[in-house]
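Every chain is numbered from 1 and lettered A, B, ... according to where its sequence line falls, protein lines coming before strand lines.
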2 protein chains.
Amino acid sequence: MALGKDYVHQQCSIARALEVVGERWTLLVVRDAFYGVRRYNDFLVHLGVPRAVLAARLQALVEAGVLDRRRYQESPPRDEYVLTERGLALWPVLRSLGAWGRAEVPGAVPVRHFHHADCGTELGSYGECPACRIPVPPADVEMRPGAGLDPDPGDPVGRALLRPRRLLVPVGREDVSEAGNS
Amino acid sequence: MALGKDYVHQQCSIARALEVVGERWTLLVVRDAFYGVRRYNDFLVHLGVPRAVLAARLQALVEAGVLDRRRYQESPPRDEYVLTERGLALWPVLRSLGAWGRAEVPGAVPVRHFHHADCGTELGSYGECPACRIPVPPADVEMRPGAGLDPDPGDPVGRALLRPRRLLVPVGREDVSEAGNS
DNA sequence: CAGTTAGGTTCATTCAATGAACCTAGAGTG
DNA sequence: CACTCTAGGTTCATTGAATGAACCTAACTG
């Protein structure tokens, strides 16, 4: 990884984090993992990333301990990629990046809203629940579509993510399979 | 910017944030700006980034409204790059990335510690003060060297950052100028 | 007026991203 | 039992960006 070669001598834990998640597409792969995407093909169609790049990123994330590659069926051997504890710890990074992108990038209409599932309150910029005054773990976060969300994405995974969802819950096969069931 | 071309169709404020700060070196430039680095040459020696890349990144950050380029002397015209409000809003992103890099990247010895200047308490993972229970704005953060910090960095800016410092306070010329005053 | 400093630009080379094509192995279908 | 589909890749030529060295400019310094 090119970043690593240059960042290694940087005296900074930010640089060390960027060695792992700072490459192109990597954080979007992790984001999709939080959204419940687990399979190679689902990442592929949802991100629109080249296959070779996706394979390289998934492998790098597994080696870094961010994702766990696990066999979910044997007959045709199929693996899925699931966030580890280390990967789950990236939630504040994604949350703060998303909050910044929504608040500070001009012309941004809210695309998704994140709520504390226990009480329904929308999360604050730090991923905390303003009502309960606690940092909300991703498993307790409910994602709801916002006004800026494209109502008809081209890929089945994007369509599955139109509905309110709990984070980390795997995208169901029934959501993804049939294309045009309106 | 290559990222923009591909991320634009992504329905996500994380992707929009990455269009601005997701490129190689960009977040490290912003980090240095928080550390008090303001001048082209100081970024250059501290980051070890190619000159052309630094010029492109600074220009992009100015266009994105993250940095403000301001003339600080006329006689030889010299500009400095200072964080805007929008740039200051990136502090939670850097803080959470740094916290993750320290906690989750194996073999990481703490390089710098960040404390609430008002009370001296070390910041939590979200950039909050655990004692005062408030998010600490970067101007109120004191940075102190940690055990993992190289005690003799090769560049004068790195040496200036060895001492405890308030964030955003510009790196003084007297810190940077003389090389080997032990 | 020679040297230095700040802040760049230009250019050839290297390296990674892209996207299309191809590969493999098992599953379902007629 | 041939055909085709699906999941999960690999390979390869092309494109594009990063790299680092060299060069440029303008002003100040001794």
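Taking only distance into account, the side chain of Arg51(B) meets the base of dG7(C) through a donor-acceptor pair shorter than 3.5 Å.
Salt-bridge annotation for Arg163(A) and Glu142(A): absent, with no side-chain N of the basic residue lying under 4.0 Å from a carboxylate O of the acidic one.
By the 30° and 60° cut-offs, the orientation of the rings of Phe34(B) relative to Trp91(B) is tilted. Classified by interplanar angle (parallel below 30°, tilted 30° to 60°, perpendicular above 60°), the ring pair Tyr81(A)/Phe43(A) is perpendicular.
Put simply, CZ on Arg39(A) is 16 Å from C1' on dG9(D), counting in whole angstrom units. Distance, Arg78(A) CZ to dA25(C) C1': 8 Å, rounded to whole Å. Between the CG atom of Asp79(B) and the C1' atom of dA6(C) there is a distance of 10 Å, given to the nearest Å. We find that CG of Leu47(A) is positioned 15 Å from P of dA17(C), with the value rounded to whole Å. Rounded to an integer number of Å, the gap from Leu54(B) CG to dG7(C) P is 10 Å. Residue Phe43(A) contributes atom CZ, which lies 15 Å from atom P of dA7(D) at whole-angstrom precision. Summarising the geometry, the separation between OH on Tyr40(A) and C1' on dT6(D) is reported as 13 Å, rounded to the nearest angstrom. One can place CG of Leu44(A) at 10 Å from C1' of dA7(D), the figure rounded to the nearest angstrom.
With dA18(D), dA17(C), dG9(D) as the candidates, the nucleotide lying closest to the side chain of Glu23(A) is dA17(C). The side chain of Pro50(A) lies closest to dT18(C) when the candidates are dT6(D), dT19(D), dT18(C). Counting only heavy atoms from C-beta on, Ala52(A) has its side chain closest to dT11(D) among dT11(D), dT6(D), dT10(C).
A heavy atom lying under 4.0 Å from DNA chain C marks the following residues of residues 59-77 of chain B, by number: Arg69(B), Tyr72(B).
For the pair Asn41(B) and dA6(C), the criterion of a side-chain N or O lying under 4.0 Å from OP1 or OP2 is met. Phosphate proximity of dA18(D) to Arg57(B): present, with a side-chain N or O under 4.0 Å from OP1 or OP2. OP1 or OP2 of dG8(C) lies within a sub-4.0 Å distance of a side-chain N or O belonging to Tyr81(B). Note on Arg24(B): every side-chain N or O is 4.0 Å or more away from OP1 and OP2 of dA16(C).
Residues Asp42(B) and Asp155(B) fail the side-chain proximity criterion, which asks for heavy atoms closer than 4.5 Å.
Residues Ala15(A) and Arg31(B) share a closest heavy-atom pair of CB-NH1, 4.5 Å.
Side chains of Tyr40(B) and Arg78(B): no donor on one and acceptor on the other come within 3.5 Å.
Within a 6.0 Å radius of CD in Glu85(B), no more than 12 heavy atoms belonging to other residues, nucleotides or ligands are found.
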